[in-house]
2 protein chains.
Amino acid sequence: MSNPADSRSVKSTRTTFRLIEALEANDGARLTDLADELGLAKSTVHQQLSALVDLGYVLKEDGQYQLGLKFLDLGAYVRTRKRAYNLAEPHVEQLATETGERAQFMTEEHGQAVYVHTKQGEHAVKADRRVGKRRYLHSSAGGKAILAHFPEARIEAVIDRWGLPQETDNTHATRESLFEDLEAIRERGYSMNKAESISGLWSVGVPVMGPEGTPVGSFSVSGPRHRMKAEQFHEETVDLLLGTANELELNIEYS
Amino acid sequence: MSNPADSRSVKSTRTTFRLIEALEANDGARLTDLADELGLAKSTVHQQLSALVDLGYVLKEDGQYQLGLKFLDLGAYVRTRKRAYNLAEPHVEQLATETGERAQFMTEEHGQAVYVHTKQGEHAVKADRRVGKRRYLHSSAGGKAILAHFPEARIEAVIDRWGLPQETDNTHATRESLFEDLEAIRERGYSMNKAESISGLWSVGVPVMGPEGTPVGSFSVSGPRHRMKAEQFHEETVDLLLGTANELELNIEYS
DNA sequence: TATTTTGTTCGTCGACAACGAACGCATATG
DNA sequence: CATATGCGTTCGTTGTCGACGAACAAAATA
């Protein structure tokens, strides 16, 4: 569970993925830069990269090492691993077209929320919310919708693991305010994010519950404060989201 | 370049990815099964998997080890790495809606064709053509469209590397027949796949050329023989594809 | 032509990947 | 209720190979 200096072994696996993540973060890199950045000998990096090239996961493109499309296969696989993920996709598209805003389906992993499907509607605001990106559960509408339906011990575990990082002035700063919010979410059935992660950006989220009573994910819609705040739009969106989640829940159970 | 017994080193990286690929192929697996399948000691597999779990790339889900959504992040990254890939996506969607068939954008990597974007239209036939899947260049419309515009040496290198695996009776079996086809593709500007990979499935493909004169990918449309064969549909589809490719080429160069 | 900076090859060494055996913990089977 | 079988996990040991530094090659810069 603890990140640094973990248990027994497997340093080389760690360096392998440190390399891969560095290639992603830098959008490709040259050998020497990688060695400097990771504090490894050039020859070590060379050796590792050559192996990854042989395996087809990395390729050299005009002097830069780059991640290859083999990762696309793995990514597409994990995205289709659970039936709920597949079934959610068309719903996200529909949410985006019907609201005109940005719609997304998230799920929880390792105590964080992960975007599994995103789609921008006609007027959607640009935001760095690419598929695969992770968010904290306490500062996103989709995350809170999920978190609210975890058993209390699990909520505590999530906070213990990740804390409550402040992203804007509106981010929940204390457990008390977060727990109050979660209680309200359970009562009314949907969550709200009022600029708790990005200034001016509001979102509404609803959980998608699995057959065993634990949430399998959440739908959410995000847009600029002034549009999301409008009463009629808000109500319509909430209804739309609740209906969508309900549809998916039925699809998951019977089909 | 040679797969087995490669050069110096890096056995553990290889086993790491063998594990990952086995988890993908088996759609999750238990420890003992993995150890048996890969011929490793249980303790070794346990050690490696624990490391991957710590790193967040693998998770344990009711007794099964499964690949985690961290791979989705890497997959989404490589899919957006080149601008051409991003720009191609809406075109694929449009192709699918306009033709009603299955449309796809592929690119070449390691001498194979990889699906980067796929979309099924209204009447699209089901086929296992998920994003990230690889095809041979000689037996797919999109692949041949790319292959035709490689310099001859590179074509030879591809055939040397991968051979000409037969998928149906119509797959090109000899270099001569393949080269004839490629010549025809260059002349008329588009490629055809007449049930060369799946019986009854026809496809049309066009290359997308990069600024340096090498193909960066291809668009293709696939459907059942009887529909794709109809003269009017064929001509319309070819025009549509050629126009789409041309648009993308302009977008890549100026924007 | 020198000089710097890159990627690559190679010999050496100590850490650690891989092993086998033993343990704990379930779920079957008598 | 014992007994047995299967699983995942822990642990000591060993030989391999990951990591290093230095030397080389190749390309870019001066």
Side-chain angles (χ1 to χ4, degrees), chain A residues 1-68 110 212, chain B residues 1-68 110 212:
Chain A
M1 286 298 143
S2 61
N3 240 354
D6 232 334
S7 66
R8 195 178 220 264
S9 84
V10 197
K11 192 166 151 195
S12 90
T13 305
R14 182 159 295 138
T15 49
T16 301
F17 279 100
R18 280 216 298 152
L19 271 172
I20 290 169
E21 286 166 12
L23 282 175
E24 181 189 0
N26 300 348
D27 195 27
R30 290 177 328 176
L31 185 86
T32 312
D33 296 336
L34 275 178
D36 287 351
E37 187 172 333
L38 302 184
L40 296 169
K42 279 194 298 175
S43 49
T44 304
V45 175
H46 178 73
Q47 185 174 252
Q48 290 281 354
L49 285 178
S50 300
L52 289 171
V53 170
D54 278 354
L55 292 168
Y57 285 95
V58 167
L59 39 93
K60 265 199 299 205
E61 211 169 81
D62 40 55
Q64 298 256 112
Y65 284 93
Q66 296 278 4
L67 296 185
H110 291 293
E212 312 89 356
Chain B
M1 287 298 143
S2 61
N3 243 354
D6 232 333
S7 64
R8 192 180 222 262
S9 84
V10 197
K11 190 166 153 194
S12 89
T13 304
R14 181 159 297 138
T15 49
T16 300
F17 280 100
R18 280 215 298 154
L19 271 172
I20 291 169
E21 286 166 12
L23 282 175
E24 182 190 0
N26 300 350
D27 196 27
R30 289 178 330 180
L31 187 93
T32 311
D33 295 336
L34 274 179
D36 287 352
E37 186 172 333
L38 303 183
L40 296 169
K42 278 195 298 177
S43 48
T44 304
V45 175
H46 178 71
Q47 184 174 252
Q48 289 283 353
L49 284 179
S50 301
L52 288 172
V53 170
D54 278 354
L55 292 168
Y57 285 95
V58 166
L59 38 95
K60 265 200 295 204
E61 211 170 81
D62 38 57
Q64 298 256 112
Y65 285 93
Q66 294 278 4
L67 296 185
H110 291 292
E212 313 89 354

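Lettering of chains follows the sequences in order, A, B, ..., and the numbering in each one begins at 1.
- Within the nucleic acid shown, A/Thr32 comes within 4.0 Å of sugar-phosphate atoms alone, with no base atom in reach, counting heavy atoms only.
- At D/dT9, one or more side-chain N or O atoms of B/Tyr65 fall inside 4.0 Å of OP1 or OP2 (strictly under the cut-off).
- For A/Lys11 and D/dG18, a side-chain-to-base donor-acceptor distance below 3.5 Å is absent, hydrogens and geometry of angles not being considered.
- Remark: C1' of C/dT8 and CD of A/Gln48 are 16 Å apart, rounded to the nearest angstrom.
- Here B/Ser50 lies out of heavy-atom contact (under 4.0 Å) with every strand.
- If you take CZ of B/Arg14 and C1' of D/dT16, they are 15 Å apart, rounded to a whole angstrom.
- Side-chain contact check for A/Asn26 and A/Glu37: at least one donor-acceptor pair (N or O, by modelled atom type) lies under 3.5 Å.
- Test A/Gln47, A/His46, A/Gln48 against A/Ser50 for side-chain contact (heavy atoms from CB on, under 4.5 Å) and you get one pass: A/His46.
- Nucleotide C/dT6 holds its P atom 17 Å from the CG atom of A/Asp62, rounded to whole Å.
- Rounded to whole angstrom, the span from the NE2 atom of B/His46 across to the P atom of D/dG8 amounts to 10 Å.
- Between B/Leu55 and A/Arg14, the closest heavy-atom pair is CD2-NE, 3.9 Å.
- At the heavy-atom level, A/Thr13 lies nowhere under 4.0 Å from the strands shown.
- The minimum heavy-atom distance linking B/Gly68 with B/Leu59 is given by the pair CA-CD2, 3.9 Å.
- Listed nucleotides: C/dA18, D/dT9, C/dT9. Nearest to the side chain of B/Thr15: C/dA18.
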Query raised in the report: Between B/Arg30 and B/Gln64, is a side-chain contact (heavy atoms from CB on, under 4.5 Å) present by the stated rule, with each step listed?
Result: CA-CA 5 Å; B/Arg30 289 178 330 180; B/Gln64 298 256 112; 3.5 Å; yes

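- For the pair A/Lys60 NZ and C/dG7 P, the computed distance is 9 Å after rounding to whole Å.
- Side-chain atoms of A/Thr44 stay outside donor-acceptor range of the base of D/dG18, with no qualifying N/O pair under 3.5 Å.
- Scanning atom types as modelled, no donor and acceptor separated by under 3.5 angstrom connect the side chain of B/Lys42 and the base of C/dG20.
- For the pair A/Asp54 CG and D/dG18 P, the interatomic distance rounds to 13 Å; values are reported in whole Å.
- Within the 4.0 angstrom heavy-atom criterion, only backbone atoms of the sugar-phosphate kind lie near B/Ser12; the bases stay farther away.
- For the pair B/Leu40 CG and D/dT9 P, the computed distance is 16 Å after rounding to whole Å.
- The nearest whole Å value for the distance from the CD atom in A/Gln47 to the P atom in D/dC17 is 11 Å.
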